[in-house]
Amino acid sequence: MAASPAAAAALLALLALAAAGGVAADGSDHRYKAGEPVPLYANKVGPFHNPSETYRYFDLPFCSPEKVKEKSEALGEVLNGDRLVDAPYKLDFRVDLESKSVCSKKLTTEDVAKFRNAVAKDYYFQMYYDDLPLWGFIGKVEKGGKADPSEWKYYLYRHIIFDILYNNDRVIEINVHTDQSALVDLTEDNETNVVFLYSVKWKETPTPFEKRMEKYSSSSNLPHHLEVHWFSIINSCVTVLLLTGFLATILMRVLKNDFVKYAHDEEAADDQEESGWKYIHGDVFRFPKNKSLFSAALGTGTQLFALTTFIFLLALVGVFYPYNRGALFTALVVIYALTSGIAGYIATSFYCQLEGTNWVRNLLLTGCLFCGPLFLTFCFLNTVAIAYSATAALPFGTICVIVLIWTLVTFPLLVLGGIAGKNSKSEFQAPCRTTKYPREIPPLPWYRKTIPQMAMAGFLPFSAIYIELYYIFASVWGHRIYTIYSILFIVFIILLIVTAFITVALTYFQLAAEDHEWWWRSFLCGGSTGFFVYGYCLYYYYARSDMSGFMQTSFFFGYMACICYAFFLMLGMVGFRAALFFVRHIYKSIKCE
């Protein structure tokens with residue numbers, strides 16, 4: 001109960017964030033008169049296949065004003081790598097332009113080499129016009145059927161054409177394409193004079209302003225995409241039903257036989273030696289080794305579960321519509337900070353139930369268990385981004401803001417939750433008394449050891465989500481748009497059910513083999529899906545994507561390691577909670593001397 005104020009505060013903040021996010025990004029809701037200037041911001045440029053490797057627009061020698069005017073940005077936009085500046089094009093409302101000059105520029109040999117390198121890497125640019133995103137490539141490579149790159153020709157586009165649709169006094173849609181006849185040859189390192197041009201064409205459309213963002217989400221709602229998603233759901237549901245039905249039948253039959261057998265044994269002969277899971281009733285509730293670490297993992301896993309649930313709530317009410325710049329990152333930072341009280345409460349109360357004494361150290365461990373590895377990963381990757389001069393490098397001010405949020409919100413709430421957990425004074429509910437000395441665990445075959453059991457436990461939950469994983473990866477580490485959050489939520493529920501059930505089944509078989517050290521095993525088996533997801537990362541990187549380069553590789557594997565670690569903690573908590581409920585239930589049903 002003590003964690004509920006933190007959860008309520010998180011929910012209120014979420015709703016405020018939803019309101020703020022909704023206004024900020026789609027929001028301009030600006031109405032314009034003919035001839036009135038409409039804001040156009042240049043955002044970034046970068047290799048098309050390396051989504052994390054982006055640079056400022058004017059890092060390439062385009063026509064730039066004497067003083068580049070930067071747009072003030074929210075925290076989420078900065079975390080997303082957005083660096084908006086005023087673009088050199090003037091796109092006034094309903095004013096057509098034909099081949100208007102932006103500037104005449106002499107490209108030095110260094111400029112030509114820069115542009116050629118960018119064209120060779122498939123650089124694209126991104127801009128925002130009245131908060132609508134637009135993209136285009138900066139040039140093209142003509143291979144002419146030749147395999148040797150030294151014989152290829154490189155061209156820069158110097159004439160950009162903007163097609164803009166409007167409805168009354170509002171901008172509805174913008175598309176950009178290039179004039180294929182206006183090219184600059186970059187093949188040789190020669191100085192060259194270039195006149196950069198742009199054209200603007202306005203057309204009226206009946207599409208209402210409220211539906212202008214639908215164009216961006218429609219690509220993920222195409223019939224064939226939806227068919228694949230629903231096939232994935234049905235496949236997962238069938239897997240779950242078969243698995244749960246099969247395991248439930250076995251467990252219920254076996255347990256029923258066990259209960260009958262144990263009841264019969266008690267009536268028949270008390271001196272008959274016990275066997276199976278009843279035999280270890282004096283050891284099954286013996287507290288685990290490293291109880292402080294175990295409690296911290298449980299608390300952190302519960303916090304990450306709460307964070308995931310809140311993010312799904314926001315997604316389902318429509319906050320994360322396409323190109324709501326940085327809304328997801330802002331939500332993650334804010335909700336993580338506000339839910340830290342949950343981690344503190346769960347970890348400390350459980351630690352005290354396990355008769356732990358140094359609750360302050362346990363609380364500090366809880367605070368560092370996820371944040372520590374994440375912070376170290378961030379420091380390394382931010383250093384890489386600084387070395388590359390990429391926009392993924394966070395400015396010093398943003399780092400200070402995040403440190404302040406952690407110091408003034410996350411840590412105090414963690415401590416408050418910890419104090420509430422310590423004062424909850426709840427005792428661990430064990431149906432059987434624990435004996436003074438632990439029984440020796442009999443020798444077990446190799447497949448009953450921890451790692452083979454983890455492999456068995458992780459495979460089934462992973463098989464239920466792997467189809468959906470491709471679409472999520474293509475969205476996070478590519479340029480696809482993911483908007484079908486309802487399907488993702490169903491997959492998440494299926495994942496939780498399968499994780500809980502497979503952990504319960506493996507825990508039963510472990511106890512039946514008279515192995516009473518099930519606490520850590522259930523946590524590790526529940527969280528093992530995280531390792532499978534990281535294995536999928538390797539497959540996706542080498543087989544399904546065209547990512548390359550040290551920066552992109554380190555960003556992909558670095559941040560995916562943090563996400564998979566979060567998965568491990570969250571699903572480990574789910575697995576342990578399910579196993580604890582099951583173990584309490586079966587030992588409550590027999591008479592323990």
Side-chain angles (χ1 to χ4, degrees), residues 39-65 67-71 73 77-89 91 102-103 105 107-108 110-129 131-141 154-162 174-180 182-184 186 192 194 196-198 323 325-326 381 384-395 476-480 545-553 555-556:
L40 173 67
Y41 295 106
N43 186 12
K44 51 194 177 185
V45 293
F48 183 74
H49 298 297
N50 289 357
S52 302
E53 188 186 338
T54 53
Y55 304 95
R56 291 172 181 270
Y57 182 77
F58 290 119
D59 283 353
L60 288 178
F62 290 114
C63 296
S64 63
K67 190 180 179 186
V68 175
K69 189 180 173 187
E70 296 192 1
K71 181 183 183 292
E73 292 175 317
E77 291 178 302
V78 179
L79 292 175
N80 197 35
D82 291 335
R83 302 290 184 271
L84 275 69
V85 295
D86 280 354
Y89 308 103
L91 275 57
V102 186
C103 75
K105 185 166 183 173
L107 296 182
T108 63
E110 290 84 7
D111 292 341
V112 169
K114 250 188 191 179
F115 271 130
R116 184 173 63 244
N117 179 52
V119 171
K121 290 181 178 176
D122 267 343
Y123 267 51
Y124 69 96
F125 64 83
Q126 189 197 26
M127 297 184 183
Y128 283 93
Y129 183 65
D131 275 328
L132 291 170
L134 58 136
W135 304 263
F137 285 101
I138 67 164
K140 67 173 181 177
V141 181
Y154 301 88
Y155 295 102
L156 173 71
Y157 298 131
R158 66 181 186 90
H159 186 185
I160 294 179
I161 300 157
F162 297 96
I174 182 165
N175 295 299
V176 64
H177 62 276
T178 47
D179 182 353
Q180 296 292 320
L183 301 171
V184 181
L186 305 169
T192 180
V194 180
F196 287 97
L197 307 169
Y198 72 105
Y323 306 108
R325 290 193 303 272
L381 295 177
V384 171
I386 290 168
Y388 273 73
S389 303
T391 61
L394 293 191
V476 176
W477 300 105
H479 300 280
R480 284 199 182 191
S545 81
D546 294 312
M547 291 185 265
S548 60
F550 178 72
M551 179 184 164
Q552 182 61 45
T553 305
F555 262 70
F556 179 75

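Small disclaimer: the values here were computed from a predicted structure and weren't measured. Positions are given from 1 along the sequence.
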* **Contact check, side chains of Asn175 and Leu134, non-hydrogen atoms, under 4.5 Å** => no
* Has the side chain of Tyr129 got a donor or acceptor atom that lies under 3.5 Å from a matching backbone atom of Phe162? -> no
message = Has Thr54 got a side-chain atom pairing as donor or acceptor with Thr391's backbone, closer than 3.5 angstrom?
response = no
Discussion item. If you define the side chain from C-beta out and look only at heavy atoms, does anything of Pro65 sit under 4.5 Å from Phe58?
Written reply: yes
Heavy-atom closest pair (Ala392 atom, Ser52 atom, distance to 0.1 Å) is CB-O, 3.9 Å
Parallel, tilted or perpendicular: which one describes the rings of His479 and Phe48, with boundaries at 30° and 60°? parallel
So OH of Tyr157 and CD of Gln180: to nearest 0.5 Å the spacing works out to 4.0 Å
Heavy-atom nearest pair, Arg83 first then Val78, reads NH1-O, 3.1 Å
Output for pair (Leu107 CG, Lys114 NZ), nearest 0.5 Å, gives 11.5 Å
Residues Ala393 and Ala385: closest non-hydrogen pair is N-CB, 3.5 Å
To the nearest 0.5 Å, atom OH of Tyr41 lies from atom NZ of Lys69 at 7.0 Å
When rounded to the nearest 0.5 Å, the distance separating CG of Asp131 from CG of Leu84 is 8.5 Å
Under the 3.5 angstrom rule, does the side chain of Asn43 hit a backbone N or O of Met127 as a donor-acceptor pair? no
- Query: Hey, does His49 have a side-chain heavy atom less than 4.5 Å from the side chain of Ser545?
  - Reply: no
Distance col, row Glu77:CD vs Tyr128:OH, nearest 0.5 angstrom, shows 8.0 Å
Taken in chain and number order and not counting sequence neighbours, the residues that satisfy side chain to side chain donor-acceptor pair (under 3.5 Å) with His159 are Asp179, Ser199
Margin query: Using ring centroids (six-membered ring only for Trp), state whether Phe62 and Tyr57 fall under 6.0 Å.
Written below: yes
dist Thr178:OG1 -> Leu197:CG (nearest 0.5 Å) comes out at 12.5 Å
Check your understanding: Got Tyr154 and Phe115 here, is their nearest side-chain heavy-atom distance under 4.5 Å?
Key -> no
